[in-house]
Structures are given as structure tokens and as C-alpha cells.
Amino acid sequence: MAEGHNKLDGPDLAQGIAFSDLPDGGKLVGYCGDEQVLLVRRGAEVFAVGATCTHYGGPLVDGLVVEDTVRCPWHHACFDLRTGEALRAPAFNPLACWSVEQRDDRIFVGEKRKWTAPRPRAGDSSLVPGKVVIVGGGAAGFAAAERLRREHYHGSIVMISDDEAPPVDRPNLSKDYLAGKAPEDWIPLRGEKFYSKNNIDLRLNTKAVDIDLRSREVVLADEGRIPYHRLLVATGAEPVRLTIPGADLPHVHTLRSLADCKAIIEQATTARRAIVLGASFIGLEVAAALRARDIEVHVVAPEKRPMERVLGPQMGDFIRALHEEHGVVFHLENTAKSIDGRKVKLSSGGTLAADFVVVGIGVRPRTGLAKTAGLVVGHGVVVDAFLETSEPGIFAAGDIAQWPDPHSGENIRVEHWVVAEGQGQTAALNMLGDREKFAAVPFFWSQHYDVPINYVGHAGQWDEIAVDEDITAKDCLLRFKREGRTLAVASIFRDIESLKAEMEMEHRMAT
């Protein structure tokens, strides 16, 4: 997340700028009063909106204008230039908008416009459910509840979560918050008042164990029942657990929840040395965060290169070298055989000492509830293009959903934060009677020290990786291709190219 500006940049837009200073399609940052404002010109029209993304504060002047929208360069949030509305995750808050006047070949920014919520939806009211139940308190569940209320849905929303905390910004748990660079008030997706204000019945520490399809009720562990007209199953994923001796010791941690993160931070305050099991995105983000706390970190993983399966050998070598530059010690082609007190025995025969261990060896979808209910489950909960399961009126979204991806042409399941939020929003619309296909191009980001990696698309397999520029110079774009067709793009400090790649994939799907 970005901190507020102390210094205002650019011209005073209240005093006006020459119309010729803003070419067609151009963007310009100035200020009005004590706020930074982004001007965007499209033909004869000029829009004035807040200059930074409401998600993490990305500079929208470096983003991409697509028709009457602007996309954030950092994490691909999208905003309506006319209304400021956040159209796509991971942003939920709208941009501020200002009035614009053109006179004497100059552009003047006037008063900030009062935010007006989108108009109530039109449609067949008989299709609108009276009761919506959401099982899951993660990205998809939150995004669905938020979108339902944004669409002026006035019926009952019950949100069931077996977590002890309201929905949180999970990507931050392995990044800035774990590193000690983000305060805790950044972590909740919304404050507690949001749920009461929007009449969302959020039930924490509550576990759903079955779905009674005949009576259309969710069955709880305490034998309570919650009736629904539409149901969203968004139970997410859970960490794969170690099964070796010593895996249940109190200093052995996984990272999924806010409570997990707090436990690691507490341990890190007095620790000097940690072992991370797994060289996944989560594992290596944890390694980077712990190095920021000046803790010695050893990474143990079975693969030859970190993240080679997703990003290929060249990027894998770069990521290893980057972490080694920051003091991380790798023990690759190796696994932990046992944990005995503060010692971890490796499959290679060696032993490592550590004050605590963080396990990041992957996650698995929590499909138990769906299976118990009799929903069709493959690699995840099978849904159609509208995210509806095999049971009419029951939808699934997020890490558990296996959906027909129109870009790759495959039925895929991915564990990406932005995908989960986007699916939650689409499921919300379809629970209200829309027939909107989930066609967003998958996107995720990963942060390693000062190096961001953006990934657009999905390439489970490829036969060619085309590398543009120099990976080691931290200025590159990689295209993952199969039979000459680009399936995914990974980039470092190539934000505008990443956005353009996303747009190209969208256009390809539309044709």
C-alpha cells in the first residue's frame, strides 16, 4: 500500500492548463486543492479522477486507458472514468471525480463531485432471491457480498466463515505485513462496521458441514441450519500439512490466516534463524519478509529451481539469485525428513538448526463440503461459464472453482487472489439473475524484496518461452507459448506491457 503524498505534483488544475497540453488519449497529473488529480482526454472529452488506485495506491498515470476506463499498472484494477466506480478487483473503493470545464482553449478542474452510487439494477424482480448464503470468508466470499450490496440487493445475506477474523487482505500476510512494513489496520478488507452498516450477517468461527439440497439449507457443525435461495460455496484452499515426525511442534507454522501470520511474527521477534520448507510463491515471499526482519533464512525444497514449473528455468534462476543476493541459503533437491526440537533433518542426510519453521509446500482446495453435498467435483468444484455448480442455484468461486477458461480453452482451477475476487463478483451478479460469463484473464502478482512479478493468463504447459530484454536487469517480459500462441505473460517492471497483454487476451477471447 502507498502512503499519502506530502508534496503535490504537477500544475494547479484549478488555474487551468492549455487544451493542447493534453493530447487525445493523453494523461496528466496535477492537483486541485490538496489532492492529486489525474486528467484523461478522450477526443473532445476530459475526465478528472483521483490519481492513485484505491487498492494499493498505484499511479494511474502509468496505467492504461481502455475506452472510458483506466487500469492500474500495479495489480490491474479498473475504474470507470465517468463515475469513478471500481469495476474490477482488486479495488473496491471508487475514485473521486471532479467537474471539468473547457473555455478559451483551456481545461479547468472545478469542484469534487459528490459520489453517487450506481443506479438500482433493472430486470425481472421475480428472479432476485430473498436469501443469499455465502460459505467462506475469503476473497471470493467478501467480493460477492460487497457486490450484492453495491447492486442494491436488499435481501438477506448470511456469510459463514470458520476463521476467527473478518475477511483480510491475504496477499499482504506474506508480504509487507509479515515484513513489518504495513500496519495491521491495512489488513482487513473492510472494517467491522462495514458488515453491520450493509446488513451482512457475518458469522465467524462457524463451520458448515453439509448442504441439504432438498430443503435448501446449509447445515452447521453445531447442527444449526441456515436456509438459502441462492448459495455461494467459496471455501477456498488450505495449506498442505507436513506428515513427518515433529510436524506438529508449536514452532512449526503454516501461513494462511491472520492468526497464522501473527504467530510467525511473534516467533520472529526473538528468533535469529528460520527454515522455510518449500520454494513456492508463498515460501519465497515469506523468506523475503523474514530477511527484512534480519532473520537468517534457509529454504529447503525438492525442485531444482524455484518456481520453474510456473515461470520457467530462466526466471527460476533469477529468483534464486535474487534471494541469494539478500542472504537466503537454498537447499534444493532436498526435503525435510523429521523435525526434532530445533533441528530439521534433511533427506540428503544433513541437519539444519532453526528457531522456527514455516511450511509452504502448497495448498489444496477445500472441496469437502461440496463433495458431502453431492456436487460434481473434479480438480475442484466443477462450474459452468456462469460459475454455477451441478446443482441449480448453487455457485462456487475462488480457489475451489474449476471453470471453463475461454482463453486457454481448458477447464482450470487457479489459486489467484484477483481471480477469486473477480469470480465472487461475477457469481453475485448471476445469483441475482444475470447471465454473465466469467471471462476475466487470470492475473496474479508476487513481490520479492523490491522486485514485483506480474503474471497474466494461464499456461499449464508451454513449448516456448520468448524473453524480451534482460531478466537479470529486472526489466523483462516473458511470453509463454504453445504452438506459437501466447498463453501467459510474466513481467518485471513492464507494467504497461503487462496491461496491454491482458487487453490483447481479452480481445482474442471476444473475437
Q) What residues form a ring pair (Phe, Tyr, Trp, His ring centres under 6.0 Å) with His416, not counting sequence neighbours? A) Phe444
Q | Verdict with supporting geometry, Trp403 and Phe438, ring pair (Phe, Tyr, Trp, His ring centres under 6.0 Å) | A | CA-CA 9 Å; Trp403 85 97; Phe438 180 74; 5.6 Å; yes
Q: Quick one: pull up CG in Leu477 and OG in Ser491 and give me the separation to the nearest 0.5 Å.
A: 5.5 Å
Side chains of residues 157-166: which donor-acceptor pairs under 3.5 Å do they make with residues two or more places apart or in other chains?
unit_1 : atom_1 : unit_2 : atom_2 : d
Ser161 : OG     : Asp163 : N      : 3.1
Asp162 : OD2    : Arg366 : NH2    : 2.5
Asp163 : OD1    : Ala165 : N      : 3.4

Q: For Gln314 and Ile471, work out which heavy atoms get closest and say how close.
A: CB-CD1, 3.5 Å
Q: Taking all non-hydrogen atoms of both residues into account, name the closest pair between Pro73 and Gly63 and its distance.
A: CD-CA, 3.8 Å
Q: Please list, chain by chain and in numerical order, all residues satisfying salt bridge (Lys or Arg N to Asp or Glu O under 4.0 Å) with Glu410, sequence neighbours excluded.
A: Arg482
Q. Which pairs count as salt bridge (charged side-chain N to carboxylate O under 4.0 Å, His left out) when at least one residue sits in residues 275-293, sequence neighbours excluded?
A. Lys175-Glu285
Q. Between Phe443 and His75, how do the two ring planes meet: parallel, tilted or perpendicular, split at 30° and 60°?
A. tilted
Q. Parallel under 30°, tilted from 30 to 60°, perpendicular over 60°: which one fits the rings of His331 and His298?
A. parallel
Q) Is there a side-chain contact (heavy atoms from CB on, under 4.5 Å) between Ile492 and Phe318 once you walk through the steps? A) CA-CA 11 Å; Ile492 298 175; Phe318 164 76; 3.6 Å; yes
**Q.** Min side-chain heavy-atom separation Lys481-Leu487 under 4.5 Å
**A.** no
Q: State whether a side-chain donor-acceptor pair under 3.5 Å links Tyr228 with Glu217.
A: no
Q. Do Asn93 and Arg190 have side-chain atoms, one donor and one acceptor, less than 3.5 Å apart?
A. yes
Q. Quick one: are Met315 and Ile319 in side-chain contact, heavy atoms under 4.5 Å?
A. yes
Q.
The test is side-chain hydrogen bond (donor to acceptor under 3.5 Å, both in side chains); show your working for Asn334 and Ser347 and say whether it passes.
A. CA-CA 6 Å; Asn334 225 325; Ser347 57; 2.9 Å; yes
Q: Answer yes when Glu415 and Arg413 have at least one side-chain N-carboxylate O distance shorter than 4.0 Å, and no when they do not.
A: yes
Q.
With a 4.5 Å cut-off on side-chain heavy atoms, are Glu238 and Val363 touching?
A. no
(Q) Less than 6.0 angstrom separating the ring centers of Tyr455 and Trp445, yes or no? (A) no
Q. Which heavy-atom pair separates Gly312 from Ile465 by the least distance, and what is that distance?
A. CA-CD1, 3.8 Å
Q. For the residue pair Gly58 and Cys72, what are the closest heavy atoms and their distance?
A. CA-SG, 4.0 Å
Q. Judged by modelled atom types alone, do Ser498 and His76 share a side-chain donor-acceptor pair under 3.5 Å?
A. yes
(Q) For Glu421, is there an ion pair with Arg88 - N to carboxylate O distance below 4.0 angstrom? (A) no
Q) Can you name the closest pair of heavy atoms from Val376 and Ser390 and give their distance? A) N-OG, 3.0 Å
(Q) I want to check something: taking the side chain as every heavy atom from C-beta on, are Val381 and Val233 in contact at a cut-off of under 4.5 Å? (A) no
Q) Centre of Phe79's six-membered ring, under 6.0 Å away, within 45 degrees of the axis: is that where NZ or CZ of Arg71 sits? A) no
(Q) Tell me whether Asp201 is salt-bridged to Arg203, with the criterion being a basic N under 4.0 Å from an acidic carboxylate O. (A) yes
Q | Side-chain heavy atoms of Phe330 within contact of Pro306, under 4.5 Å | A | yes
Q.
Can you tell me if Gln461 has over 12 outside heavy atoms packed within less than 6.0 Å of its CD?
A. no
Q. Does the distance from a Lys or Arg side-chain N to an Asp or Glu carboxylate O, for Glu308 and Lys304, drop under 4.0 Å?
A. no
**Q.** Donor-acceptor pair between Asp176 and Tyr56 side chains, under 3.5 angstrom
**A.** no
Q) At their closest point, which heavy atom of Phe395 faces which heavy atom of Ala427, and how far apart are they? A) CB-CB, 4.4 Å
Q. If you draw a 6.0 Å radius around NE2 in His379, do more than 12 non-hydrogen atoms from other residues or ligands fall strictly inside?
A. no
Q. Heavy atoms, side chains only, cut-off 4.5 Å: are Leu311 and Leu478 in contact?
A. no
Q) Are side-chain heavy atoms of Val357 and Val344 found at a separation under 4.5 Å? A) yes
Q: Kindly assign one of parallel, tilted or perpendicular to the pair Phe356 and His253, based on the angle between their ring planes and the thresholds 30° and 60°.
A: perpendicular
Q.
Between Arg305 and Asp317 (salt bridge meaning N to carboxylate O under 4.0 Å), is one present in this structure?
A. yes
Q. Who passes side chain to side chain donor-acceptor pair (under 3.5 Å) against Gln402, sequence neighbours left out?
A. none
Q: State whether Arg508 and Glu504 are salt-bridged, where the test is any N-O pair (Lys NZ or Arg NE/NH1/NH2 against Asp/Glu carboxylate O) under 4.0 Å.
A: no
(Q) If we check side chain to side chain contact (heavy atoms under 4.5 Å, CB included) with Leu178, which of these qualifies: Asn172, Val358, Ile265? (A) Ile265
Q.
Side chains of Asp495 and Trp74, heavy atoms from C-beta outward: is any pair under 4.5 Å?
A. yes
Q: With sequence neighbours excluded, tell me which residues meet salt bridge (Lys or Arg N to Asp or Glu O under 4.0 Å) with Asp68.
A: Arg42, Arg82
Q: Starting from the C-alpha separation in whole Å, work towards a yes-or-no answer on ring pair (Phe, Tyr, Trp, His ring centres under 6.0 Å) for His448 and His323.
A: CA-CA 8 Å; His448 303 259; His323 281 270; 5.2 Å; yes
Q: Any chance you could lay out the side-chain contact (heavy atoms from CB on, under 4.5 Å) test for Phe386 and Thr426, step after step, and finish with the verdict?
A: CA-CA 8 Å; Phe386 308 101; Thr426 298; over 6 Å; no
